[in-house]
Every structure is written in structure tokens, then in C-alpha cells.
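These notes are about the structure you will find just below.
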Amino acid sequence: MAGGKIQKKRHGAGAAGGGGGARLQGGIPFEKSKGQHILRNPALVDSIVAKAGLKPTDTVLEIGPGTGNLTKRLLEAGVKAVVAVELDPRMVLELNRRFQGHPLSSRLKVIQGDVLKCDLPYFDICVANIPYQISSPLTFKLLSHRPIFRCAVIMFQREFAMRLVAQPGDSLYCRLSVNVQLLSRVSHLLKVGRNNFRPPPKVDSSVVRIEPRKPPPPVSFKEWDGLVRICFNRKNKTLGSLFKQKRVLELLGKNYKTMQSLQLAQDAEMGEEKMSADDVALLANMVEDLSMETGDEKEDDEMEMDDADMAGDGAATFKEKIMGILQQGDFAEKRGSKLSQVDFLYLLSLFNKAGIHFS
């Protein structure tokens, strides 16, 4: 187990270490609150290692090694080094005991700590069977890591994994899907049944491959997420309806006036701002509403702003400006749940060129 808040999960525990009653060899009990479920199927462990595409020069980051079943296979794969980050001190002792005197032990470094709080070392590949409650923050922490690594092969709760790979129009397509796919290429590798773990969790799992985009897309992530947040507020409403909401118009209007006062509305640099590690790291602190979105529209009291509600000609003109941008790109009748990465990038560029920003 590698990190994250110690808490009970509605959807079942994570996958790194164990649940009530089960014990390690030697009598150490698993702790359900830490998401401890040990991967016990050797063939499945071998398959995960094979799909990682390891090289002899690789330094591998393993998160939540538990008792070391996956760790052993990684070392035997002939990599340069394995760095294992483990939160539970009992597991750290178990790992050290297991690999004491092992011919490959010099290639293993065990770090005791919370992976969400500690500074990650350099690594080429991340291979991990993680506690599911840290799925979102860990994903975005990895994607914000510099230098950019080659790929991550990670075991997630199946529903979370399906959201990561969901495409426009899929029922699970959500803000999480859009943001992760902006930063990386994501592919589903394996479906893993719950009986492959000891003790079995309450949900099935999936192994996903995440390959960060190199270089990162030339877009401000703050701008990007601001747009996507609005489009997925109620993802099955048309963008024309969403951008008529009073709250949205007030937010964009305020940003517009701020940019004008700073003489940045026509500054091309803003539209070409490249994504930074700090940009991406922002999302790691905003993931509570991303990890398990239901896909249902949010029921709120937001009302569309009619012309009669607009305070003065300036507000009415601004609303017309917003609607004109949507119509220019033929977006007014489209829905966020149907838009692709290219669509979102094009829409953001239209807004930015008109001096309208989302951060």
C-alpha cells in the first residue's frame, strides 16, 4: 500500500494489500481501510510485467508493493532498478525481510511514505497495483511529474478505468476522461476479476496503460479545465444552454473585463501558453469531483439569462458575443458529452481569440 487518506470506500477497497480477517504469512493482518488486497495470480503478474515493455536500462516505480509479488517479477525482468513506495511500515518490513539476501536486492529501493505527499524520484516506467481510493490524485500526480516518464501500467477499479478510456458519446465519458486524454494516451490492457486478489475486493479491476504526451499539448491547463468544467456541468445539455446560465456569463464577463483592464485581451501569448507542470498539478488538488462521476446531469438551480435579465446593454452585448462564438464553431447545439479533444481545443481557441478566458 502506497498512500492516500485512510478511509473506508463505498465501492470496495483498493488493490494493494487486504481486508477483514485475512493475514500475511507471519500473522500480520491486512487492513481494509488501507485498500490492501494482494494480487495472488502469478500468471496475471507475469502478464502485467510483459505488457509494461520493460528495458534493461529502466528504473521502475512501483506504488503499493504490498508483500512484493509484483516487485519480485519486476526485479527478475532485468531492469536497472525498482523503487517501491509503501505507506504501511509492516509491509516495508515484510518487503525487506523477503528480499534480504536476494541476488537482485541491490536493485531494490524501498521508500516508506505517502506517495501523494512525497517527492517522486526519477523513473522511466510506473507499474503499480494501487489502493483504489487514491486513483484520481495519483493519476494526475504522475502526469504532472517531470521529467516525463515513458508510460504507466496501473491496476484500477474497473469503472474508474473505463472512465479513463471512454470516448465521446460513451455513457462513462466525463471530465476525468477529457482531462486525462488531453495529457496522455490511455489504453485498456486487461480485465481482472476480483478472485485474483487475496482477499477478494467487492469490485472487478482493470489494468490500464497511460502514455504521457510528449511534448505536452500547447494549451494552458487552467484555461482548458475551466472550459471543460462548464461543458460537463450538465453534460447532456447543449452548450448554447450552458453558456446562457447567469453564473457562467457573470464569470466569463468578469474575466473578460479583467483581461481588458490588463490589456491582455489581444495578447497572443495567452492563447499560445504551453502547459506547465504547475498547470497540471492544479488538477491533482481538484480531483474529488472527478474520480467517480456518475455521468448524471447535476441538478441545480441555474437559470438561463434572458435579455430581460441582463443589467444594461453591455451585459446583453456580452451574451450575444458568447452565443456568436458558439455559433461560429457550430457548437451551440452540441453537447459536452459528444465533443472530442479536437472539438474542445477548437472551442477554446475561438474563445481565447475573442479575448474570453476561463481562468
Side-chain angles (χ1 to χ4, degrees), residues 1-17 33-37 61 63-64 85 87 113-118 120 126-145 149 151-166 170-188 192 201-213 216 221-222 224-226 228-229 231-233 235 275 277-296 298 336 341:
M1 154 60 188
K5 297 179 180 177
I6 305 306
Q7 59 183 4
K8 293 183 179 179
K9 295 302 292 175
R10 293 177 304 177
H11 304 285
S33 63
K34 292 183 179 179
Q36 294 178 336
H37 293 262
L61 174 68
I63 299 166
V85 182
L87 177 65
D114 186 335
V115 70
L116 299 181
K117 297 178 181 179
C118 67
L120 297 180
C126 176
V127 181
N129 174 29
I130 67 170
Y132 293 152
Q133 59 262 45
I134 67 170
S135 294
S136 280
L138 177 61
T139 298
F140 289 104
K141 176 163 186 172
L142 290 175
L143 290 174
S144 66
H145 182 74
F149 55 95
C151 77
V153 176
I154 303 178
M155 182 92 69
F156 290 115
Q157 179 177 332
R158 181 164 174 78
E159 184 178 351
F160 183 89
M162 292 299 97
R163 292 183 187 280
L164 291 181
V165 302
D170 292 349
S171 61
L172 292 178
Y173 190 61
C174 60
R175 188 169 144 233
L176 174 69
S177 317
V178 175
N179 282 328
V180 172
Q181 291 173 30
L182 172 74
L183 305 174
S184 63
R185 298 176 181 84
V186 191
S187 55
H188 183 270
V192 181
K202 296 180 180 179
V203 294
D204 289 332
S205 305
S206 281
V207 178
V208 170
R209 183 183 181 92
I210 300 174
E211 298 179 63
R213 298 188 186 275
F221 191 79
K222 291 181 288 186
W224 170 271
D225 188 56
V228 173
R229 184 185 293 269
C231 294
F232 278 90
N233 179 42
K235 71 176 187 178
M275 185 175 300
D278 289 340
D279 247 346
V280 181
L282 287 174
L283 197 58
N285 297 320
M286 300 189 300
V287 295
E288 288 81 3
D289 59 336
L290 281 174
S291 59
M292 292 305 298
E293 288 175 322
T294 62
D296 298 330
K298 293 183 179 179
Q341 298 285 318

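Just so we're clear, the structure is a prediction, and the values are computed from it rather than from any experiment.
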Exercise. Say whether, by atom type as modelled, one donor and one acceptor occur between the side chain of Arg213 and the main chain of Gln181 under 3.5 angstrom.
Key: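 It does hold such a pair.
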
Quiz item: Quick check: does any side chain N or O of Lys235 sit under 3.5 Å from a backbone N or O of Tyr173, one acting as donor and the other as acceptor?
Solution: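 Yes, the answer is positive, given that a donor and an acceptor are paired below the 3.5 Å cut-off.
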
Contact check, side chains of [X] and [Y], non-hydrogen atoms, under 4.5 Å:
| X | Y | value |
| --- | --- | --- |
| Ile154 | Leu142 | yes |
| Leu87 | Val115 | no |
| Thr139 | Leu176 | no |
| Ser135 | Ile130 | yes |
| Trp224 | Gln341 | yes |

Roughly how far, to the nearest 0.5 Å, is the [atom2] atom of [Y] from the [atom1] atom of [X]?
| X | Y | atom1 | atom2 | value |
| --- | --- | --- | --- | --- |
| Ile134 | Asp114 | CD1 | CG | 7.5 Å |
| Leu116 | Leu138 | CG | CG | 6.5 Å |
| Phe149 | Leu120 | CZ | CG | 9.5 Å |
| Arg175 | Asn233 | CZ | CG | 10.0 Å |
| Arg163 | Gln157 | CZ | CD | 9.5 Å |
| Asn179 | Phe221 | CG | CZ | 4.0 Å |

Self-check item: Step-by-step side-chain contact (heavy atoms from CB on, under 4.5 Å) determination, Ile63 to Cys126
Solution: CA-CA 8 Å; Ile63 299 166; Cys126 176; 3.8 Å; yes

Closest approach of [X] to [Y] (non-hydrogen atoms, all atoms of both residues):
| X | Y | value |
| --- | --- | --- |
| Ser205 | Met155 | CB-SD, 3.7 Å |
| Gly113 | Val85 | O-CG1, 3.8 Å |
| Phe232 | Gly336 | CZ-O, 3.4 Å |

Practice problem: Run the numbers on Arg158 and Ser206 for side chain to side chain donor-acceptor pair (under 3.5 Å), then give the verdict. | Solution: CA-CA 5 Å; Arg158 181 164 174 78; Ser206 281; 2.8 Å; yes

Quiz prompt | Under the side-chain hydrogen bond (donor to acceptor under 3.5 Å, both in side chains) test, residues paired with Ser184 that sit two or more places apart | solution =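 Checked Ser184 against side-chain hydrogen bond (donor to acceptor under 3.5 Å, both in side chains); zero matches.
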
Quiz prompt | For Arg209, salt bridge (Lys or Arg N to Asp or Glu O under 4.0 Å) partners two or more places apart | solution =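 Salt bridge (Lys or Arg N to Asp or Glu O under 4.0 Å) check on Arg209 returns Glu211.
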
